[in-house]
Amino acid sequence: IVGRYPRVRREDIVHALNCAVQDPDGWRRQSPAERQEILQRAAIEIRQARGDLIGAAIADGGKTVTETDPEVSEAIDFVEFYAATARWFAELAPGKLSATGKGVAVVASPWNFPIAIPCGGVAAALAAGNTVILKPASDTVLPAFLLCQCFWRAGVSNRTLQFLPCRGGSEGRELVTDPRVDAVILTGGTATALDLFDQRPDLPLSAETGGKNATIVTGLADRDQAVKHVLHSAFGHAGQKCSATSLLLLEAEVYDDPQFKRSLCEAAASLPVGSAWNPATKINPLIRPPRGDLERALKTLGPGESWALMPHALENLPNCWTPGIKWDVQPGSDSHLTEFFGPVLSVLRFEKLNAAISIVNRTGYGLTSGLESLDDREQQEWRDGIRAGNLYINRPTVGAIVLRQPFGGYGKSAFGPGLKAGGPNYVTQFMRFEETDGPATEHTPGDPLLAGLSERLRGPEAKRTIPARCLARIHAAMCDYESAWQEEFSVTHDHFRILGQDNFRRYLKIPHLRIRVHEVDSAFEVISRICAARTVGTRPVVSYSGSGDNSTV
């Protein structure tokens, strides 16, 4: 037994929410500079607690030192980076724009990253100016508690950051879906996110959910390097990562090469399995004995499949499983489309790269994806066609670093605004921005269509239906959109320019945007949304019900 904690009762949730709403210690009233100073001290406390945090993750979550030590470093980066970016946004336009916290944020963290992910959620919400309630995963309460102590010692009060361990299925759902909660940061399963929306359709959710991630190996890959990267991506932390590679697609000449198959299977079989306390362990215990989809994947084969490497549990250790590699996996099968949170790798054969890309995209997830190829043409084709938030070429699909590789996906892998954790815009989804002064920008947007719209909005017909101040706001917004597009959103960014490694951050436009007009929407809100879409080249389609008074649109 490494710790004891009381079971949360319903009255505890009510008390915690009341306290968070009231903000008795005035966290929201502090300036961004004051909050940043406190969070910088929290980063120092986390540095000093590194050993205890690693020990707690081993004891509670069965995670090895080599997997947990980088997690502590990521937590430190989150705290310092979010504090700096929140202050930057708050001071972006003094006297013209105010940026404040939304109110109460709930962070529901997972067990597989028991330090970095709860720390990132807490740090982002606090930096943005919110009071925070942390609901840790029931399996890893201890490292989350030690993490909160770091923030408390740094000067964040235990009424500003509250620690509320409770079961996710009952008390946790009641906490997250309470109407007084203004932001929810969730890392968990896709089914969990959908269930929360069923409970509260207007839930302000920012969620990173599941992944069915793939690595494609072409005939033009460095095959030894590919084996190394695939094994690390598939079996690190026993495959218990949302970013883990669970599909391996091999081009025909690689798939049919007995030497590659032998190298892959022998290397996987050589990975030591056992206790997380043993420094030699590479595949640590599962968080609990496998059940459901994972148990089926470890014990059975689908139609046409065979075991290239059959997994098994160690004697008298139901949580410790050797790695499994399935061969002859068919597109559309359970092994292809179902997320298995454990040490199972499904291998498929393909003839053409475009067919492999289609197989990967068919999963519906879009978190991470990898390509092993030394050919520039194949790399470009893959980049253009694959649907995932983090694309990795000739490297593992796990181990994202703050700002260097902001983390997040789309499809079934993300819900909410979709701003990537560790990215420069992440904190904005927990802030409320309001204009405090009228627009000052006075120039014509560069896009000819926008320029034409600007002229029409200034014409006599528009002025009869749209107030002059609204016209000025629309024109200023169009100019701001154009500036943001040119400086940020149309540009590929590499913040670090590391020798021998490219880390590009880019924005992809949404092909089609549906703008649904509500009767309370103002002319500015409707027209500015159209202008934003047009600025980035997205095709907007506007609709409204036709009922009520639509004179404002």
Side-chain angles (χ1 to χ4, degrees), residues 212-239 241 244-273 282-283 294 296-313 321-340 342-360 362-363 368-375 378-379 382 386 392-398:
K212 186 68 176 178
N213 313 297
T215 294
I216 296 174
V217 180
T218 76
L220 297 177
D222 180 326
R223 299 186 187 186
D224 291 336
Q225 177 180 264
V227 169
K228 176 184 176 182
H229 292 165
V230 168
L231 292 184
H232 179 59
S233 301
F235 302 123
H237 194 25
K241 298 181 181 180
T245 288
S246 60
L247 292 175
L248 176 61
L249 284 80
L250 304 178
E251 192 170 4
E253 66 176 271
V254 182
Y255 186 95
D256 298 336
D257 180 4
Q259 176 59 41
F260 182 86
K261 183 177 181 180
R262 183 165 54 251
S263 297
L264 178 69
C265 294
E266 289 179 354
S270 72
L271 298 173
V273 182
K282 294 296 184 183
I283 300 183
L294 178 58
R296 186 176 68 255
L298 287 166
K299 295 181 178 180
T300 63
L301 292 168
E305 297 174 355
S306 61
W307 287 114
L309 182 64
M310 182 181 292
H312 64 272
W321 279 78
T322 64
I325 300 178
K326 290 185 174 184
W327 215 255
D328 302 316
V329 172
Q330 301 302 306
S333 65
D334 203 36
S335 296
H336 170 209
L337 301 176
T338 306
E339 181 184 22
F340 303 132
V344 184
L345 181 65
S346 302
V347 185
L348 296 86
R349 184 180 188 273
F350 71 90
E351 296 280 353
K352 299 290 185 180
L353 182 56
N354 61 349
I357 292 171
S358 177
I359 290 171
V360 174
R362 187 175 166 186
T363 67
T368 70
S369 205
L371 173 70
E372 294 288 335
S373 172
L374 302 178
D375 186 85
E378 290 185 337
Q379 293 176 10
W382 178 80
I386 207 74
Y392 297 112
I393 298 176
N394 297 325
R395 58 145 287 171
T397 62
V398 296

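Count residues from 1 along the sequence. Keep in mind that the numbers below use all heavy atoms, side chains included, and drop hydrogens, waters and symmetry copies. Note that this is a predicted model, so its numbers are computed, not measured.
Taken to the nearest 0.5 Å, the NE2 atom of H232 stands 12.5 Å off from the NE2 atom of H237. Atom CD in E305 sits 13.0 Å away from atom CH2 in W327 (nearest 0.5 Å). For the atom pair T218 OG1 and E253 CD, the distance stands at 8.0 Å (nearest 0.5 Å). For the atom pair L301 CG and R296 CZ, the distance stands at 12.0 Å (nearest 0.5 Å). Interatomic distance, CG of L298 versus CH2 of W321, reported as 5.0 Å (0.5 Å rounding). Considering CG of L249 and CD of E372, their distance stands at 13.0 Å, rounded to 0.5 Å.
Side-chain contact between I357 and F350 is absent, with no heavy-atom pair separated by less than 4.5 Å. With contacts defined as side-chain heavy-atom distances shorter than 4.5 Å, the pair T215/H229 does not qualify. Counting heavy atoms from C-beta on, the side chains of L345 and P323 never come closer than 4.5 Å. The shortest side-chain heavy-atom distance between V329 and V347 does not fall under the 4.5 Å cut-off. In this structure, the side chains of L271 and T322 stay at 4.5 Å or more apart for every pair of heavy atoms. Taking the side chain as every heavy atom from C-beta outward, L353 and I216 approach each other to under 4.5 Å. No side-chain heavy atom of N394 sits less than 4.5 Å from a side-chain heavy atom of D222.
K326 places a side-chain N or O within 3.5 Å of a backbone atom of A297 that can act as its donor or acceptor partner. One N or O on the side chain of Q379 and one on the backbone of S373 form a donor-acceptor pair closer than 3.5 Å. Between the side chain of Y255 and the backbone N or O of D328 there is at least one donor-acceptor pair closer than 3.5 Å. Remark: side-chain polar atoms of S233 are paired, donor with acceptor, to backbone N or O of T397 under 3.5 angstrom.
Inspection of the S263 and Q259 side chains reveals an N or O donor paired with an N or O acceptor under 3.5 Å.
For the side-chain contact (heavy atoms from CB on, under 4.5 Å) test, residues two or more places apart in sequence or in another chain that qualify with S246 are K212.
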Legend entry - From CA spacing to verdict: side-chain contact (heavy atoms from CB on, under 4.5 Å), L248, I325: CA-CA 10 Å; L248 176 61; I325 300 178; over 6 Å; no
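When all heavy atoms of P258 and D256 are compared, the closest pair comes out as CD-O, 3.1 Å.
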